[in-house]
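Since the structure comes first, as structure tokens, the remarks are kept for the end.
Atom set for the values below is all heavy atoms of this structure, side chains included, hydrogens, waters and symmetry mates excluded. Counting from 1, the numbers follow the sequence of the chain as shown.
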Amino acid sequence: MSFARGTCAPMAILKGLARSARSAPRIAPQIRLQSTNSSDTQVRNRSSMAEVIETPMALDSPDVHQHGFGNIPDRIVINTEIPGPNARHQLREYEKGWGGTGYASSFVSDLPNSYDCFIADVDGNVLLDCFGQIASLPLGYNHPAMLDAVASGDMQTAQVHRSALGVITPDGWSQLLGETLGRCAPAGMHKVQTMGCGSCANENAFKVAMICQSQKRRQAQGRGVDEYTDEENASVMLNQEPGAPKWSILSFDGAFHGRTFGALSCTRSQEIHKLDVAQLDWPVAPFPQMQYPLEEHAIANAAEVQRCLDATREVLRQNKGNVAAMIIEPIQAEGGDRHAPAEFFQQLRQMALDEDVVFIVDEVQTGCGASGAFWAHSWWNLETPPDIVTFGKKSQIAGYYYTNEMQMTAPYRIFNTWMGDPAKLLLFKSILQVVEKEHLVARTYDAGTVLLAGMEALAAKYPDVLSSARGAGTLCAIDFSSTAQRNAAHVGLRSAGVLVGICGKRSMRLRPPLTFAPHHAEIFLDRLEHVVQTL
């Protein structure tokens with residue numbers, strides 16, 4: 001079994017995952033992150049869009065497409081403004097009642113009437129969901145395989161009796177891990193620890209890195225890895241050295257790794273995430289700011305990558321002996337959907353080895369097929385795999401993979417009540433089966449090819465509005481000329497029947513389900529061009 005996407009691709013993955021849904025040849029990973037030549041791309045005539053922005057709204061030709069949902073027409077329907085009267089009423093009631101910080105909400109879904117990549121709301125509108133519940137929706141809405149999974153006897157048992165996995169594992173747990181997370185493990189990973197969310201995964205990965213680094217120090221002193229002095233035992237209860245070493249985690253400018261304390265200290269994407277909250281004084285290194293189209297800025301981009309590598313090495317040497325690990329995303333999502341070439345990550349990995357720093361790859365948003373490979377870091381073709389790979393979102397269960405060297409040697413070092421959720425892992429088992437059966441990684445690659453080419457063509461046609469189209473698989477983004485224009489386009493697309501995400505200062509990003517197909521990409525491109533024409 002193989003991903004067929006480079007030497008670092010997982011070797012134990014589902015045999016059908018990397019098969020193409022069509023016979024088009026695959027391009028090399030290091031090229032996939034580059035722009036195509038937009039001058040050779042013709043922008044289709046979308047003037048007919050104005051004719052269908054009406055009430056109700058539907059596609060010009062509501063074709064029926066074969067997918068896991070049977071013969072259901074793919075169509076957008078707009079009956080009211082969005083949010084409509086029913087949605088506005090519920091949002092007001094939420095804020096006046098027992099609701100929490102719901103001020104970011106502007107959409108109230110009708111999940112029973114949603115399907116595939118289309119989400120319905122409580123006012124009868126149906127929109128193409130290109131954001132997928134913040135990148136966490138694996139198979140769209142109401143996929144039959146998911147509905148079957150939740151109706152199974154195993155699922156009922158797992159939901160009614162949620163196990164405290166750290167002390168009482170249910171019958172068959174080891175086998176289930178092997179059939180799911182073990183089956184799709186990144187190359188070079190030997191173990192996996194499940195968790196409840198991406199922040200928890202990253203937070204515990206930090207602990208693993210610090211514990212392992214401390215154990216190496218004790219070994220160098222001639223002590224056992226878990227042999228502590230009285231001074232260490234006493235000082236740690238006061239949060240002081242030597243029991244609480246001054247370890248730190250290096251992260252990158254623009255990063256997002258979560259909102260718990262350690263993860264938040266490594267998050268550097270938006271000020272609002274961090275303001276008023278105490279932060280750990282941990283080091284930061286620059287992440288490359290690539291210029292697009294890549295082929296037109298090769299020299300400048302190479303210099304930018306080298307600048308960031310040099311700065312990272314200097315940060316590590318200035319903090320010599322205090323940096324337990326560095327953590328990096330394959331694509332900086334919340335920070336503006338920023339990409340970097342494979343060579344940047346390859347050299348970072350070697351730098352971590354040279355400086356004795358644990359190398360953590362945060363695949364919470366990019367994993368599970370969205371990049372056109374099951375794991376986005378497999379595009380890097382690393383000679384030495386990461387030490388730890390965190391995951392979450394589309395897998396429905398979070399956690400981290402790690403090498404044998406990162407294995408804990410005593411109980412309760414990494415621990416909480418539930419340590420994951422067997423019910424979510426049963427869902428992931430069904431997800432993997434559908435990914436294999438419907439060749440969804442290959443389809444995501446194909447859809448991303450259509451999506452990126454179309455976005456590049458629109459950027460070439462409307463250079464005063466759009467720029468810097470970029471992507472890997474369906475993890476695509478594009479910049480607007482200003483924050484105000486981006487925000488207006490975000491609202492305009494929603495009114496035209498498409499949900500997307502925003503990130504950075506002026507970027508718009510897509511995070512659709514794995515069932516997102518080339519024809520869905522065409523729908524999005526039609527709507528995007530119409531909205532751009534109105535700005």
Side-chain angles (χ1 to χ4, degrees), residues 1-33 65-69 116-117 130 132 135-140 143 145-146 179-187 189 330-331 333 339 342 361 363-381 389 391-397 401 427-453 471-476 510-521:
M1 300 178 185
S2 172
F3 262 129
R5 294 251 205 275
T7 57
C8 196
M11 298 303 295
I13 192 62
L14 313 171
K15 61 184 178 182
L17 288 182
R19 289 174 50 193
S20 175
R22 54 194 175 109
S23 59
R26 293 283 176 251
I27 50 183
Q30 64 269 26
I31 298 175
R32 182 67 191 96
L33 295 182
H65 296 274
Q66 293 288 341
H67 41 59
F69 301 84
D116 195 13
C117 295
C130 294
S136 69
L137 192 66
L139 303 179
H143 195 287
M146 299 288 273
E179 293 173 347
T180 54
L181 295 170
R183 193 178 184 190
C184 63
M189 299 294 104
I331 299 171
H339 295 249
V361 178
E363 287 255 26
V364 171
Q365 186 157 150
T366 56
C368 206
S371 71
F374 204 86
W375 300 106
H377 77 271
S378 67
W379 291 110
W380 303 344
N381 292 321
V389 177
F391 62 90
K393 288 193 180 280
K394 279 186 171 63
S395 56
Q396 304 304 285
I397 189 168
Y401 292 96
L427 283 179
F428 186 52
K429 182 178 180 179
S430 293
I431 292 166
L432 283 179
Q433 291 170 347
V434 173
V435 168
E436 176 184 27
K437 180 180 178 181
E438 300 185 13
H439 314 303
L440 294 187
V441 175
R443 184 159 80 172
T444 295
Y445 183 98
D446 294 337
T449 299
V450 173
L451 196 56
L452 182 56
T474 54
L475 301 174
C476 290
L510 278 70
R511 294 294 186 271
L514 299 176
T515 53
F516 190 86
H519 69 275
H520 294 126

Self-check item: Nearest heavy-atom neighbours spanning P518 and A447
Solution: N-CB, 3.8 Å
Quiz item: Does a side-chain heavy-atom distance below 4.5 Å link F516 with L440?
Solution: no
Quiz item: Side chains of P138 and F428: closer than 4.5 Å at any heavy-atom pair?
Solution: no
Self-check item: Contacts of A517 that satisfy side chain to side chain contact (heavy atoms under 4.5 Å, CB included) - sequence neighbours left out
Solution: R443, H519, H520
Quiz item: Minimum heavy-atom separation for A145 to V434, with atom names?
Solution: CB-CG2, 3.4 Å
Quiz prompt | For Q365 against A135, the heavy-atom pair lying closest together | solution = CG-CB, 3.7 Å
Quiz item: Heavy atoms, side chains only, cut-off 4.5 Å: are L139 and P513 in contact?
Solution: no
Exercise. Could you go through the side chain to side chain contact (heavy atoms under 4.5 Å, CB included) check for Y445 and T449 one step at a time?
Key: CA-CA 6 Å; Y445 183 98; T449 299; 3.8 Å; yes
Self-check item: Side-chain heavy atoms of L510 within contact of T474, under 4.5 Å
Solution: no
Quiz item: For the atom pair OG1 (T366) and NZ (K393), what is the distance rounded to the nearest 0.5 Å?
Solution: 11.0 Å
Quiz item: Atom CG of L514 and atom CZ of F374: how far apart are they, to the nearest 0.5 Å?
Solution: 8.0 Å
Quiz item: Are Y401 and W375 close enough that some pair of their side-chain heavy atoms sits under 4.5 Å apart?
Solution: yes
Quiz item: Once you round to the nearest 0.5 Å, how far does CD of E438 lie from CD of E436?
Solution: 11.0 Å
Quiz prompt | Interatomic spacing from CD1 in I331 to NE2 in H339 - rounded to 0.5 Å | solution = 4.0 Å
Quiz item: Which heavy atom in L452 sits nearest to a heavy atom in G471, and how many Å separate them?
Solution: CD1-N, 3.9 Å
Self-check item: Any S395 side-chain heavy atom under 4.5 Å of I431 side chain
Solution: no
Quiz item: Do Q396 side-chain atoms and L137 backbone N/O form a donor-acceptor pair below 3.5 Å?
Solution: no
Quiz item: Between the main-chain N or O of G367 and the side-chain N or O of S371, is there a donor-acceptor pair closer than 3.5 Å?
Solution: no
Quiz item: If you look at every heavy atom in V450 and A521, which pair is closest and at what distance?
Solution: CG1-CB, 3.9 Å
Quiz item: Can you name the nearest heavy-atom pair linking G140 to T515, along with the distance?
Solution: N-OG1, 3.9 Å
Quiz item: Does some side-chain heavy atom of R511 sit less than 4.5 Å from a side-chain heavy atom of C130?
Solution: no
Quiz item: Taking atom CE of M146 and atom CG of L427, what is their separation to the nearest 0.5 Å?
Solution: 4.5 Å
Quiz item: Any side-chain heavy atom of H377 within less than 4.5 Å of one from V389?
Solution: yes
